[in-house]
Structures are given as C-alpha cells and as structure tokens.
Amino acid sequence: MASWSLEQVAKHNSPDSCWVIIKNRVYDVTEFLNEHPGGSSIILKYAGKDATRAYEPIHPPDALDKNLPANKHLGWLDSDAARVVAQAQKNRRKTQDELRVEAALKQRPPLNRILNLADMEENAHAFTRFFFHPRVMRPVSQCDPSTSILGYKSSIPVFVSGAALAKLGHPEGWPSYFVQL
C-alpha cells in the first residue's frame with residue numbers, strides 16, 4: 001500500500017474527490033458520500049483532513065471494512081504526516097466534556113479501597129438509568145421496527161429472557177413474562 005503526505009490528501013477535499021484520514025489511514029470516500037446515513041455534509045467537513053476525532057466516537061471499529069471496498073483503502077500516512085497529525089492532536093484544546101471526564105477520573109478512589117459494588121456509588125447509580133444518546137438523526141415517520149428474533153417474526157425488536165433479578169419486574173419472576181393460552 002502507498003503512503004501519503006498531508007499535502008496529497010488535502011487536494012481531495014470536494015464532492016468530486018473526497019479523501020479522509022482516520023487513525024493515520026487514508027480512505028477514498030467519494031462514492032460513499034451519498035450512502036452515508038448521517039449525510040454527506042459531515043464527511044465533506046473533514047474532506048482532505050484527519051477525521052479521526054469525529055469518526056471514532058460514533059462508528060464501530062469495523063465500519064470502514066464493512067462499508068468501503070478494499071480498493072478505497074488507499075494506504076497509510078507517511079511518517080512525517082503521522083507526526084504532524086499526532087502533534088496537532090496533542091496540542092488541541094480539550095472540550096468541556098473531556099475536562100469533566102478527566103476531573104472525575106482523578107477523584108475516583110483507588111481500586112484497592114473498593115470493597116463492593118455499593119462502594120462504587122457512581123456505577124451503582126448508573127445501573128438504574130437508561131441513556132439515549134442519538135448520534136445521527138434521521139427521518140423516522142415511516143419507520144418499520146419489525147424484525148426476526150431466533151427465527152420468529154416480532155413487531156418490535158424486543159427479546160425478553162429469563163435471567164437473574166427477573167423478580168424486579170414482577171413478584172413471580174420470569175414465568176410472569178409469558179401469557180397463558
């Protein structure tokens with residue numbers, strides 16, 4: 001595979017030729033622009049540049065392998081370009097959220113002082129909450145959530161399984177989840 005300089009990648013910054021850098025690898029995403037679920041504008045924002053910070057929190061690690069043909073994986077940044085990208089990442093201003101997480105990590109007690117789950121108040125509290133963090137909003141007025149679970153058609157993607165702590169849902173535990181015919 002070829003190696004690329006930042007100057008070479010920067011030339012491909014339009015809808016007609018769109019390359020991005022993700023984790024020091026160069027990808028040609030020109031043909032993928034119209035297929036991207038989040039729209040082409042977010043990719044074009046990073047056209048010809050490093051898109052790692054925008055890409056990693058939203059996409060699974062294998063998304064590029066699954067969605068881009070092998071011939072669109074163009075190669076690695078050359079060593080000088082990789083150093084420049086790493087230095088820019090190191091020197092960038094941290095977001096408020098990153099600063100908040102760093103402060104929280106500094107305040108947590110050492111692992112050898114934790115005796116049980118109750119000592120981990122934040123984790124215990126987290127297990128009682130549900131979070132919805134939309135990453136990409138799409139029109140959903142014509143949405144069909146039906147699916148197949150273990151070969152059976154389901155109108156919604158919910159699977160109920162007997163498991164520990166099932167009595168939290170009903171005093172009779174898991175048998176209460178099944179309808180008597």
Flag if over 12 foreign heavy atoms under 6.0 Å of [atom1], [X]:
| X | atom1 | answer |
| --- | --- | --- |
| K66 | NZ | no |
| D62 | CG | yes |
| Q89 | CD | yes |

Quiz item: Can you pull the ring pair (Phe, Tyr, Trp, His ring centres under 6.0 Å) pairs that have at least one residue in residues 90-109, sequence neighbours excluded?
Solution: none

To the nearest 0.5 angstrom, please state how far the [atom1] atom of [X] sits from the [atom2] atom of [Y].
| X | Y | atom1 | atom2 | result |
| --- | --- | --- | --- | --- |
| D50 | R25 | CG | CZ | 14.0 Å |
| D28 | N71 | CG | CG | 8.5 Å |
| E98 | R92 | CD | CZ | 4.0 Å |

Quiz item: Does any donor atom in the side chain of D97 or T95 lie under 3.5 Å from an acceptor atom in the other side chain?
Solution: no

Self-check item: Geometric class of the Y55/H59 ring pair [parallel <30°, tilted 30-60°, perpendicular >60°]
Solution: parallel

Would [X] end up clustered with [Y] when hydrophobic side chains under 4.5 Å apart are linked, directly or stepwise?
| X | Y | result |
| --- | --- | --- |
| L44 | Y46 | yes |
| V26 | L68 | no |
| I42 | L64 | yes |

Ignoring hydrogens, what is the shortest heavy-atom contact between [X] and [Y]? Give both atom names and the distance.
| X | Y | answer |
| --- | --- | --- |
| P15 | T30 | O-CG2, 3.4 Å |
| H73 | P69 | CD2-O, 3.1 Å |
| S3 | Q8 | O-OE1, 4.1 Å |
| A47 | C18 | CB-SG, 3.7 Å |
| L74 | Y27 | CD1-C, 4.2 Å |
| W76 | K23 | CZ3-O, 3.7 Å |

Would a 4.5 Å heavy-atom cut-off, applied to side chains only, mark [X] and [Y] as touching?
| X | Y | result |
| --- | --- | --- |
| R83 | D80 | yes |
| I21 | L6 | yes |
| K49 | N13 | no |

Quiz item: Which residues satisfy the ring pair (Phe, Tyr, Trp, His ring centres under 6.0 Å) test with W4, sequence neighbours excluded?
Solution: W19

